[in-house]
Asks: 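So that we are looking at the same thing, I have put the structure below in structure tokens.
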Amino acid sequence: MLHIKDISFSYNGIRLVFDGVSINVKKGSVVGIVGPSGAGKSTLLKSVAGLITVDKGEIILDGTKIQSPQNKLVPGDDEVGFVNQSFELDDFYTCEENILRSLLHLSKEQRVVFCDQLIILLGLEEVRHLQGRHLSGGEQQRLSIAAALAKEPKILLLDEPFVHLDVHLRKKLGKYIRDLCEIRGMMILLVTHEGEEALSWSDEIYCMFNGKLTRKYAPQNAYSKPKSLKEGRFFGELNSVRIGKKQVLFRPTEFAFEGEGSNELSISFQYDEFRGFYTASYFKLENGREIVLYADASLNKISKIYVGI
């Protein structure tokens, strides 16, 4: 289990990046942290990876404290896999060699088999003999994920890990990593500003703003029962209307054309967007606020809807 206990970090004691962060990650589980750029998410992962020294608090992995970089010849922890936008690959090693150097804990035969599996999984067959410096950004990101998985870490830290991956590879890789969590008891700490990505991955989701964890959600509640507009919008489009003295939040599918006992809203059609299996129709309320509604086709003839509280 990973215990992050009340940690804080600042640059030179002046610029506070995050403060009072406490998170527990159980074996076999995925914890997501969602927030805007600059919230402190990436720096938090660096502290868990043992790459920076926190001002206070401690990070404990399976009963052993993660050591600060000043206490180690080489910063980092062998039990922690870290995938970020820096990739941290050897530019002069081939793709295959970058993976194999993370597999020294296995026998020679096992290294070859596992390396081949990861190369196929990440779609790196055609570049397996190219040096890291000759790979594209997307290929480097896939190689970075493969090298992190090759370590067979106790915990895998993922910092915006799928930026350069297409939707099919995301799905394939996501299932593989979730299976690893269940089979090996591996833990994952994922940070992203794409809340919808966190919904499909996470067992628990934290929202982070301005260096503080504001709330913890179950994925279903993050989507269907957000506590604030700011948090809810990270998990998809969200409407906010004022009914009496109450702010009502509802997703674009949470409305009706008839509504005895519900609240009637007068709306004025503005435009629509075809998005494949649904159409998003945008409207203005009487107070000028914009809302969006999803349906099979355009709702350009609609002038009233009903929503619950």
Side-chain angles (χ1 to χ4, degrees), residues 37 41-52 66-67 69-70 72-181 183-184 186-194 197 201:
S37 297
K41 307 185 304 298
S42 296
T43 308
L44 175 61
L45 284 197
K46 289 179 181 178
S47 68
V48 177
L51 301 178
I52 61 174
I66 298 289
Q67 295 297 312
Q70 70 263 28
K72 301 194 70 174
L73 183 62
V74 179
D77 191 294
D78 291 339
E79 300 291 355
V80 179
F82 188 22
V83 179
N84 62 10
Q85 301 307 305
S86 299
F87 303 135
E88 298 179 0
L89 303 169
D90 190 311
D91 287 342
F92 295 95
Y93 277 26
T94 66
C95 177
E96 186 175 63
E97 289 168 341
N98 267 291
I99 297 173
L100 287 171
R101 69 174 184 163
S102 296
L103 289 170
L104 298 179
H105 59 290
L106 301 178
S107 68
K108 183 177 180 180
E109 293 77 13
Q110 289 173 324
R111 290 200 297 270
V112 172
V113 172
F114 197 6
C115 181
D116 285 343
Q117 289 176 348
L118 291 171
I119 284 174
I120 293 170
L121 172 69
L122 275 302
L124 296 168
E125 298 99 317
E126 294 184 3
V127 297
R128 69 184 297 157
H129 298 302
L130 289 182
Q131 291 179 321
R133 63 196 175 115
H134 297 310
L135 302 180
S136 69
E139 289 164 346
Q140 287 183 341
Q141 185 173 41
R142 282 181 274 155
L143 177 55
S144 180
I145 294 170
L149 290 173
K151 290 177 64 177
E152 297 188 282
K154 288 183 177 180
I155 183 163
L156 182 62
L157 308 178
L158 300 174
D159 185 359
E160 306 284 359
F162 309 125
V163 174
H164 300 289
L165 306 186
D166 64 59
V167 64
H168 303 291
L169 185 54
R170 287 187 187 195
K171 182 178 179 181
K172 180 181 177 182
L173 183 59
K175 183 180 185 307
Y176 179 85
I177 294 177
R178 284 308 307 249
D179 287 345
L180 282 182
C181 282
I183 295 169
R184 300 181 183 169
M186 184 174 70
M187 299 165 274
I188 292 179
L189 190 56
L190 163 73
V191 306
T192 179
H193 64 272
E194 297 286 345
E197 186 172 82
W201 271 74

Asks: From Thr192 OG1 over to Lys41 NZ, what is the distance, rounded to the nearest 0.5 angstrom?
Replies: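 Output value for this atom pair is 7.5 Å.
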Asks: How close do Ala148 and Val83 get, heavy atom to heavy atom, and via which atoms?
Replies: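 Smallest interatomic distance, heavy atoms only, reads CB-CG2, 3.5 Å.
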Asks: Could you walk me through whether Leu122 and Leu143 pass the side-chain contact (heavy atoms from CB on, under 4.5 Å) check?
Replies: CA-CA 7 Å; Leu122 275 302; Leu143 177 55; over 6 Å; no
Asks: If you round to the nearest 0.5 Å, how far is SG of Cys181 from CD1 of Ile188?
Replies: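 One gets 3.5 Å once the value is rounded to the nearest 0.5 Å.
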Asks: Answer yes or no: is there a donor N or O on one side and an acceptor on the other, between the side chain of Arg142 and the main chain of Gly123, under 3.5 Å?
Replies: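 Yes; at least one donor-acceptor contact below 3.5 Å.
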Asks: Are any of the side-chain heavy atoms of Leu44 and Ser47 separated by less than 4.5 Å?
Replies: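 They are in side-chain contact.
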Asks: What pairs meet the salt bridge (charged side-chain N to carboxylate O under 4.0 Å, His left out) rule with one or both residues in residues 155-166, with sequence neighbours excluded?
Replies: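 Every pair satisfying salt bridge (charged side-chain N to carboxylate O under 4.0 Å, His left out) with a residue in residues 155-166: there are none.
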Asks: When you look at His105 and Asp78, which way does the side-chain contact (heavy atoms from CB on, under 4.5 Å) test go after all the steps?
Replies: CA-CA 11 Å; His105 59 290; Asp78 291 339; over 6 Å; no
Asks: Checking the side chain of Asp90 only, and the main-chain atoms of Asn98 only, is there a donor and an acceptor separated by less than 3.5 Å?
Replies: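 Side chain of Asp90 to backbone of Asn98, a donor-acceptor pair under 3.5 Å: no, none is there.
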Asks: Could you tell me which non-hydrogen atom of Ala49 sits nearest to which non-hydrogen atom of Phe82, and how far apart they are?
Replies: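 Heavy atoms of Ala49 and Phe82 come nearest at CB-CD2, 3.9 Å.
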Asks: Apply side-chain contact (heavy atoms from CB on, under 4.5 Å) to Val113 and Asp116, showing your working.
Replies: CA-CA 5 Å; Val113 172; Asp116 285 343; 5.9 Å; no
Asks: When you compare the side chain of Glu139 with that of Leu130, does any pair of heavy atoms fall below 4.5 Å?
Replies: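 Heavy-atom side-chain distance check fails, nothing below 4.5 Å.
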Asks: Quick one: closest heavy-atom pair of Leu100 and Cys115, and the distance?
Replies: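 For Leu100 versus Cys115, the nearest heavy atoms are CD2-CB, 3.8 Å.
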Asks: Please find the pair of heavy atoms, one from Gly81 and one from Pro153, that lie closest to each other, and give the distance.
Replies: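 Minimum heavy-atom contact is N-CB, 3.3 Å.
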Asks: To check you understand the geometry: which heavy-atom pair defines the closest contact between Pro69 and Gly50, and what is its length?
Replies: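 It is CD-O, 3.6 Å.
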Asks: CE/Met186 to CZ/Arg178 distance, rounded to the nearest 0.5 angstrom?
Replies: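 Here the interatomic distance stands at 9.5 Å.
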Asks: For the atom pair CD (Glu109) and CZ (Arg111), what is the distance rounded to the nearest 0.5 Å?
Replies: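 The CD atom of Glu109 sits 8.5 Å away from the CZ atom of Arg111.
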Asks: Answer whether the closest heavy-atom distance between the side chains of Asn84 and Leu45 falls below 4.5 Å.
Replies: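 They are not in contact (no side-chain heavy atoms under 4.5 Å apart), so the answer is no.
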Asks: Answer yes or no: is there a side-chain heavy-atom contact under 4.5 Å between Ile66 and Val48?
Replies: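 No, their side chains stay 4.5 Å or more apart.
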Asks: Looking at CD1 of Ile99 and OH of Tyr93, how far apart are the two atoms once the value is rounded to the nearest 0.5 Å?
Replies: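 So the CD1 of Ile99 and the OH of Tyr93 are separated by 14.0 Å.
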Asks: Are any of the side-chain heavy atoms of Glu125 and Ile120 separated by less than 4.5 Å?
Replies: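 The answer is yes, as the side chains (C-beta and beyond) meet within the 4.5 Å cut-off.
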Asks: Does some side-chain heavy atom of Lys154 sit less than 4.5 Å from a side-chain heavy atom of Asp77?
Replies: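 The answer is no, as the side chains (C-beta and beyond) never meet within the 4.5 Å cut-off.
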Asks: Please tell me if the side chains of Glu152 and Leu180 come closer than 4.5 Å, counting only heavy atoms from C-beta onward.
Replies: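 No, every pair of side-chain atoms sits at 4.5 Å or beyond.
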Asks: A side-chain contact here means heavy atoms from C-beta on lying under 4.5 Å apart; do Tyr176 and Leu118 qualify?
Replies: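 Yes. Closest side-chain heavy atoms under 4.5 Å.
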Asks: What is the distance from atom CG of Leu158 to atom CD of Glu197, rounded to the nearest 0.5 Å?
Replies: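 Taking CG in Leu158 and CD in Glu197, the distance rounds to 9.0 Å.
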Asks: Taking all non-hydrogen atoms of both residues into account, name the closest pair between Phe92 and Glu97 and its distance.
Replies: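 Where Phe92 meets Glu97 most closely, the heavy atoms are O-OE1, 4.5 Å.
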Asks: CD of Gln70: more than 12 outside heavy atoms within 6.0 angstrom?
Replies: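 Yes, because the 6.0 Å sphere around CD of Gln70 holds more than 12 heavy atoms from other groups.
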